[in-house]
Amino acid sequence: MRNFILILLFTAACLAFIITGHLYWERKIDATVQAARAKVETSAKQEKETSQTEAILARAKQLPAAAQAAIKRAVEENRPIHLVIAGSESTPENGGWPDLLKQALDKAYGKGVFHITVHEYDGLTTADADRQRIAVDWVKDKPDLVLLEPFLLNDNGVVTIDDTLAHIKSIIDQLKSAAPNAVVILQPPNPIYNATYYPRQVEQLEAFAKENGYPYLNHWPAWPDDQSEELNRYVDPQTDLPTAEGAKVWANALAKRFIAQ
């Protein structure tokens, strides 16, 4: 009887050992499988993120180098690209070329890749804008890029071009002092029909941008010649503001720079 009990206990111990060992190896194998699965998932996620980053940078390759660098930084930080669009009444918050550009960017890059804020300053000259320190408005948006349409049309006949350029530099300096990584891209306002001095001022704006190392996007070649009455279809001769057709021309010209095909 005693031998039988010993054999029974020995058998139970063996079974317990076998079961315990089985459970141990089962848990170890399960942990190994989970670790391998997590590694594969992490690798797949990294590959996907790398692919998305490369796709975004490929789309942006026609922008100035400084703008591309700002976009790359935002993408690598896994956040939206903050684009601030600022300007006169030629750059409306609603219903103009900024809305059309936003639609084009959402379609090309994916909704939410760009976070766009528009600041319209109706009736301001560059002197007004400088004095009112409008760059403070943009700093709140934590911009990566600021697409600035200076107030050349409003300055025309009111502020000399030398003063205009000095005010533009002051406005940019205000921004850079608070947001040093923000990249300012200058662009002209829309052309107007049969102007004399205004086209020269726009040429001086472009020269100023190059001299000071500011990226510059010139959309004027996309418009009809400013000495042609055809331009009146695209810019209202009463207000000097873009019509619906003009807004499309402006937005499409910028989209070609923001979206490489």
Side-chain angles (χ1 to χ4, degrees), residues 84-104 116-132 134-135 137-138 146-172 184-209 214-258:
V84 170
I85 299 175
S88 69
E89 53 270 44
S90 289
T91 300
E93 287 189 43
N94 299 298
W97 67 263
D99 279 349
L100 298 176
L101 178 60
K102 181 180 185 303
Q103 292 170 23
I116 300 175
T117 308
V118 181
H119 293 280
E120 175 188 358
Y121 302 94
D122 191 354
L124 289 193
T125 63
T126 52
D128 297 328
D130 189 3
R131 185 175 59 255
Q132 293 181 22
I134 62 170
D137 297 339
W138 316 336
V146 175
L147 180 57
L148 175 60
E149 173 258 305
F151 309 91
L152 263 67
L153 267 176
N154 292 345
D155 281 6
N156 192 25
V158 179
V159 181
T160 67
I161 186 60
D162 288 341
D163 286 344
T164 291
L165 299 178
H167 287 306
I168 293 171
K169 188 175 188 309
S170 176
I171 291 167
I172 294 174
V184 178
I185 304 173
L186 292 174
Q187 63 166 337
N190 53 273
I192 55 176
Y193 171 60
N194 203 28
T196 302
Y197 297 107
Y198 175 55
R200 298 179 196 170
Q201 293 168 339
V202 169
E203 290 175 359
Q204 288 176 274
L205 173 66
E206 183 170 10
F208 163 81
Y214 302 132
Y216 186 81
L217 297 184
N218 183 15
H219 53 84
W220 273 35
W223 299 77
D225 188 277
D226 63 346
Q227 299 302 307
S228 168
E229 289 189 8
E230 183 188 2
L231 183 60
N232 290 331
R233 283 183 51 211
Y234 299 87
V235 178
D236 188 329
Q238 302 300 315
T239 64
D240 289 339
L241 298 178
T243 63
E245 289 300 311
K248 290 178 185 176
V249 168
W250 194 335
N252 289 340
L254 293 179
K256 287 180 180 178
R257 295 297 301 277
F258 272 87

Enquirer: Hey, is CD on Glu93 packed in by over 12 heavy atoms from elsewhere, all under 6.0 Å?
Expert: yes

Enquirer: Please report the C-alpha distance between Asp137 and Tyr121 in whole Å, then the side-chain angles of each, then the deciding distance to 0.1 Å, and finally whether the side-chain contact (heavy atoms from CB on, under 4.5 Å) criterion is met.
Expert: CA-CA 11 Å; Asp137 297 339; Tyr121 302 94; 2.8 Å; yes

Enquirer: Could you check whether any side-chain N or O of Thr243 sits under 3.5 Å from a backbone N or O of Arg233, counting only pairs where one atom can act as donor and the other as acceptor?
Expert: yes

Enquirer: Using side-chain hydrogen bond (donor to acceptor under 3.5 Å, both in side chains), reason through Gln187 and Trp250 one step at a time and then give a plain yes or no.
Expert: CA-CA 11 Å; Gln187 63 166 337; Trp250 194 335; 2.9 Å; yes

Enquirer: Under the 3.5 angstrom rule, does the side chain of Asp130 hit a backbone N or O of Thr126 as a donor-acceptor pair?
Expert: no

Enquirer: Can you find a pair of side-chain heavy atoms, one from Leu241 and one from Val235, that are under 4.5 Å apart?
Expert: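 Leu241 does not reach Val235 side chain to side chain.
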
Enquirer: Distance from Asp155 atom CG to Thr164 atom OG1, nearest 0.5 Å?
Expert: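 It is 3.5 Å, given to the nearest 0.5 Å.
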
Enquirer: Please give me the minimum heavy-atom distance between Ile85 and Trp97, naming the atom from each residue.
Expert: CG2-CH2, 3.5 Å

Enquirer: How close do Ile192 and Leu231 get, counting heavy atoms only, and between which atoms?
Expert: C-CD2, 3.5 Å

Enquirer: Give a yes or no answer on whether the side chain of Asp163 reaches the backbone of Ala127 with a donor-acceptor pair at less than 3.5 Å.
Expert: no

Enquirer: Okay, side chain of Glu120, backbone of Gly87: is any donor-acceptor separation there less than 3.5 Å?
Expert: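 Not at all, since once roles are kept as given, no pair shorter than 3.5 Å links the two residues.
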
Enquirer: Does Arg131 come within less than 4.0 Å of Asp128, counting only side-chain N to carboxylate O?
Expert: yes

Enquirer: Please round to the nearest 0.5 Å and tell me the distance separating atom CD1 of Ile185 and atom CZ of Arg257.
Expert: 8.5 Å

Enquirer: Between Leu186 and Pro150, is there a side-chain heavy-atom distance shorter than 4.5 Å?
Expert: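 Side chain of Pro150 against side chain of Leu186, heavy atoms only: contact under 4.5 Å found.
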
Enquirer: Would you say the side-chain atoms of Gln204 pair up with the backbone N or O of Ile161, donor to acceptor, closer than 3.5 Å?
Expert: no

Enquirer: Rounded to the nearest 0.5 Å, what separates atom NE2 in His167 from atom CG in Leu124?
Expert: 12.0 Å

Enquirer: Students often mix this up, so state it plainly: with edges at 30° and 60°, are the rings of His219 and Trp223 parallel, tilted or perpendicular?
Expert: tilted

Enquirer: Applying the side-chain contact (heavy atoms from CB on, under 4.5 Å) criterion to Leu147, which one of Val118, Val84, Leu254 satisfies it?
Expert: Leu254

Enquirer: Say whether, by atom type as modelled, one donor and one acceptor occur between the side chain of Asn156 and the main chain of Leu152 under 3.5 angstrom.
Expert: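 The answer is no, because no donor-acceptor pair under 3.5 Å joins these two groups.
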
Enquirer: How close do Pro215 and Val184 get, counting heavy atoms only, and between which atoms?
Expert: CD-O, 3.1 Å

Enquirer: I need the minimum non-hydrogen distance between Pro199 and Asp226, along with the two atoms involved.
Expert: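 Closest approach of Pro199 to Asp226: CG-OD2, 3.3 Å.
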
Enquirer: Do you know which two heavy atoms are closest between Asp240 and Pro237, and how far apart they sit?
Expert: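 Smallest heavy-atom distance, with atoms named: OD1-O, 3.9 Å.
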
Enquirer: With heavy-atom distances below 4.5 Å as the criterion, would you say the side chains of Phe258 and Leu217 are in contact?
Expert: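 Result yes, sub-4.5 Å side-chain heavy-atom pair found.
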
Enquirer: Hey, do the aromatic rings of Tyr198 and Trp220 have their centres closer than 6.0 Å?
Expert: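 Here the rings of Trp220 and Tyr198 have centres that are less than 6.0 Å from each other.
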
Enquirer: In this structure, is the centre-to-centre distance between the rings of Phe208 and Tyr214 below 6.0 Å?
Expert: yes

Enquirer: Would you compute the distance between atom CD of Gln201 and atom CG of Asp162 and round it to the nearest 0.5 angstrom?
Expert: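 Atom-to-atom, Gln201:CD and Asp162:CG are 10.0 Å apart.
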
Enquirer: Taking side chain as C-beta onward, heavy atoms only, is Pro189 less than 4.5 Å from Phe151?
Expert: no

Enquirer: Calculate, to the nearest 0.5 Å, the distance between atoms CD1 and CH2 belonging to Ile172 and Trp138 respectively.
Expert: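 The CH2 atom of Trp138 is 7.5 Å from CD1 of Ile172, to the nearest 0.5 Å.
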
Enquirer: Atom CD of Glu149 and atom OG of Ser88: how far apart are they, to the nearest 0.5 Å?
Expert: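 Interatomic distance, Glu149 CD to Ser88 OG, rounded to 0.5 Å: 3.5 Å.
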
Enquirer: Look at Arg200 together with Glu203 and state whether they make a salt bridge at an N to O cut-off of under 4.0 Å.
Expert: no

Enquirer: Taking all heavy atoms of Ser228 and all of Tyr193, pick out the closest pair and write down the distance.
Expert: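 Shortest heavy-atom contact: O-CD1, 3.3 Å.
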
